[in-house]
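Quick notes on the structure that follows.
The chains referred to below are lettered A, B, ... by the order of the sequence lines, with proteins before strands, and numbering in each begins at 1. What you see is a predicted model; the values in this text were computed from it and never measured.
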Number of protein chains: 2
Amino acid sequence: MSDLNISKTSTTYRPVTCENCNLENLCMPKGLDKQEIGGLALLVNRNNIRQRGEAIYHAGSPFRGMIALRSGSAKLASFDQNGNELVVAFILPGEIVGFDGLATQLHNCTVTALETLNYCHLPAHKIEQLVINSPGLIYVLLQRSCNELDSQVQKMLMSRHSAEKRVANFILNISERLRVRGYSELEFRLSMSRKEIGNHLGIAHETVSRIIQLFQSRQFIEIKSKQLRIIDKKELFNFLQPIH
Amino acid sequence: MSDLNISKTSTTYRPVTCENCNLENLCMPKGLDKQEIGGLALLVNRNNIRQRGEAIYHAGSPFRGMIALRSGSAKLASFDQNGNELVVAFILPGEIVGFDGLATQLHNCTVTALETLNYCHLPAHKIEQLVINSPGLIYVLLQRSCNELDSQVQKMLMSRHSAEKRVANFILNISERLRVRGYSELEFRLSMSRKEIGNHLGIAHETVSRIIQLFQSRQFIEIKSKQLRIIDKKELFNFLQPIH
DNA sequence: AACAATTTTTGATCTAGCTCAATTTTCTAA
DNA sequence: TTAGAAAATTGAGCTAGATCAAAAATTGTT
């Protein structure tokens with residue numbers, strides 16, 4: 001496996017190594033024998049690239065399998081009967097998508113690159129093989145999908161809160177996810193537009209803009225276009241407390 | 001397995017048979033050999049009972065395993081740091097809960113009986129055994145959890161719509177879920193309170209009440225306390241269309 | 001059957017955040 | 001480097017649905 005050893009404190013999302021990639025537990029899950037690990041390595045296609053705006057898979061198309069993002073970022077979006085987009089999630093390096101096609105064998109969502117990205121791909125037809133040869137890996141996938149469910153419940157909880165809390169939580173959530181992958185948690189690029197943030201959080205993009213400016217004016221954050229620096233994490237956390 | 005052959009057109013939620021129970025695919029999934037099926041039958045505890053208000057498991061407690069509801073109904077709820085309840089879902093006969101504890105081994109949610117209910121229980125410690133002995137069953141669980149994710153995305157989509165659309169969709173959703181399990185889709189008991197419906201849909205209970213009265217005044221539905229009859233399904237569907 | 005507690009309904013007011021509109025800034029591509 | 005397009009910001013008014021309040025209906029209990 002080709003590790004790309006690039007500084008982890010970079011302010012943009014750079015390639016993750018196999019060690020901190022979320023595929024880690026798929027490529028080399030604890031408790032699995034070497035045969036299973038070797039088998040998986042043969043099944044995964046590495047080093048796929050998409051440019052900003054290009055899709056990895058489309059809603060309505062046949063299940064492509066699981067995708068692990070190695071660098072860059074993406075959005076996961078669904079569409080209503082009228083074609084209106086709903087941004088379900090933003091995907092950061094080391095994170096996995098594809099669950100939206102697994103149950104029905106048809107993708108429910110579209111995954112679109114927010115900037116140039118690189119991903120690994122476990123094709124759909126090879127998952128059936130894993131059921132027989134590497135049941136432990138399927139169990140890992142089950143745990144991951146339950147993690148996704150937990151996140152969705154978290155988002156549902158946030159949707160009861162004010163727009164200010166939602167934006168504060170959003171910034172802290174991205175920060176934390178970057179941190180656990182070894183990136184800078186205090187300075188990073190928000191590669192999605194205000195409109196996409198608003199869509200995801202269920203608030204108007206004008207409101208997102210106003211709140212970001214508010215946080216900046218209060219010196220909680222500094223933002224230059226898409227480049228964000230968290231100045232006062234504690235104050236952002238305070239926004240999540242009941243009194244606000 | 002003891003089948004309880006009770007009329008499926010009953011207006012309250014009665015016991016499901018093994019054939020239409022959602023555990024069906026766990027008890028006797030297609031493509032699994034008899035050894036696996038027999039093995040599972042030994043692992044599942046049947047005929048557990050809870051009275052209205054009693055919990056099957058609590059948020060924060062260790063993962064209890066998977067629960068399949070055989071009769072009655074329940075609510076799945078999470079809580080914020082302040083103790084405010086969020087109704088994540090309502091559970092109908094034949095449906096499964098427990099995914100909220102699988103990833104972290106701690107339950108994220110509480111499941112509470114909305115009326116007397118009966119359930120089957122696959123204990124947590126036996127799931128590990130299934131990974132080795134019945135990998136096909138774990139794959140079925142994975143598909144189920146992905147189905148849950150799909151539903152969550154559906155709910156997220158609905159949250160962008162008006163309160164009227166949300167209530168119309170809620171009624172039609174319950175109706176459809178009862179239908180696929182073989183119950184009457186046009187006449188049933190809404191065992192949850194207006195407050196719980198509102199909590200789940202993200203609207204005030206007063207608003208739920210007003211909209212239900214509106215639907216009744218327009219002769220789309222007839223409601224006596226918790227007993228609901230759908231008079232004009234087509235009109236309810238119309239509410240989901242863009243023009244409204 | 002009567003009481004108390006809870007839930008539901010209905011009315012009246014209030015407000016967070018949306019929508020519409022007009023600039024300003026940033027990005028893209030020649 | 002510059003023009004045109006897209007995104008972000010800022011302002012001002014508007015509205016769906018929240019909140020507050022009070023009455024009516026339902027449910028559970030002795």
For atom CG of B:Leu190 and atom P of C:dT9, their distance in whole Å:
11 Å
Rounded to whole angstroms, how far apart are CE on B:Met192 and C1' on C:dT8?
16 Å
Suppose we call a contact any N or O donor and acceptor under 3.5 Å apart; does that hold for the side chain of A:Arg166 and the base of C:dG17?
no
Using atom CD of A:Gln227 as one end and atom C1' of C:dT25 as the other, report the distance to the nearest whole Å.
17 Å
With sugar-phosphate meaning primed atoms plus P, OP1 and OP2, does B:Ile212 contact a base, only sugar-phosphate, or nothing at under 4.0 Å between heavy atoms?
nothing
Of all the choices, C:dT7, C:dC18, D:dG17, which nucleotide is nearest to the side chain of A:Ala204 once you look at every atom?
C:dC18
Let's see if you can work this out: which of C:dG17, C:dG11, C:dT9 has an atom nearest to the side-chain heavy atoms of B:Arg210?
C:dG11
Could you check how far NE2 of A:His205 sits from P of D:dT10, rounded to whole Å?
13 Å
Atom-pair distance (CD1 on B:Ile211; P on C:dT10), nearest Å
13 Å
What residues, two or more places apart in sequence or in another chain, satisfy side chain to side chain donor-acceptor pair (under 3.5 Å) together with A:Asp232?
none
How long is the line joining CD1 of B:Ile203 and P of D:dT19, in whole Å?
12 Å
Is there a donor-acceptor pair closer than 3.5 Å between any side-chain N or O of B:Lys155 and the backbone N or O of B:Val88?
yes
Here the gap from B:Leu114 atom CG to B:Lys226 atom NZ, rounded to the nearest 0.5 Å, amounts to 9.0 Å
Rounded to the nearest Å, what distance is computed from the CZ atom of residue B:Arg160 to the C1' atom of nucleotide D:dA16?
16 Å
Between A:Gln51 and A:Thr116, is any side-chain donor less than 3.5 angstrom from a side-chain acceptor?
yes
Please confirm whether the ring centroid of B:Tyr57 lies under 6.0 Å from the ring centroid of B:Phe63.
no
Report all interatomic pairs (protein N or O, nucleotide N or O of nucleotides 21-27 of chain D) with separations under 3.5 Å.
{"unit_1": "D:dT27", "atom_1": "OP1", "unit_2": "B:Ser225", "atom_2": "OG", "d": "3.2"}

Can you see if the side chain of A:Arg194 gets near the phosphate of D:dT9 - specifically, an N or O under 4.0 Å from OP1 or OP2?
yes
Side chain to side chain, B:Gln241 and B:Lys165, heavy atoms closer than 4.5 Å:
no
Under 4.0 Å between a side-chain N or O of B:Gln213 and OP1 or OP2 of C:dT10?
yes
So what does A:Gly198 hit on the nucleic acid, given a heavy-atom distance under 4.0 Å: a base, only sugar-phosphate, or nothing?
nothing
Is the phosphate of D:dT9 approached by A:Ser209 (side-chain N or O, under 4.0 Å from OP1 or OP2)?
yes
Starting at atom NE2 of A:His161, determine the distance to atom P of C:dG17, rounded to an integer number of angstrom.
12 Å
Establish, from distance only, whether the side-chain atoms of B:Asn173 and B:Asn169 form a donor-acceptor pair under 3.5 Å.
no
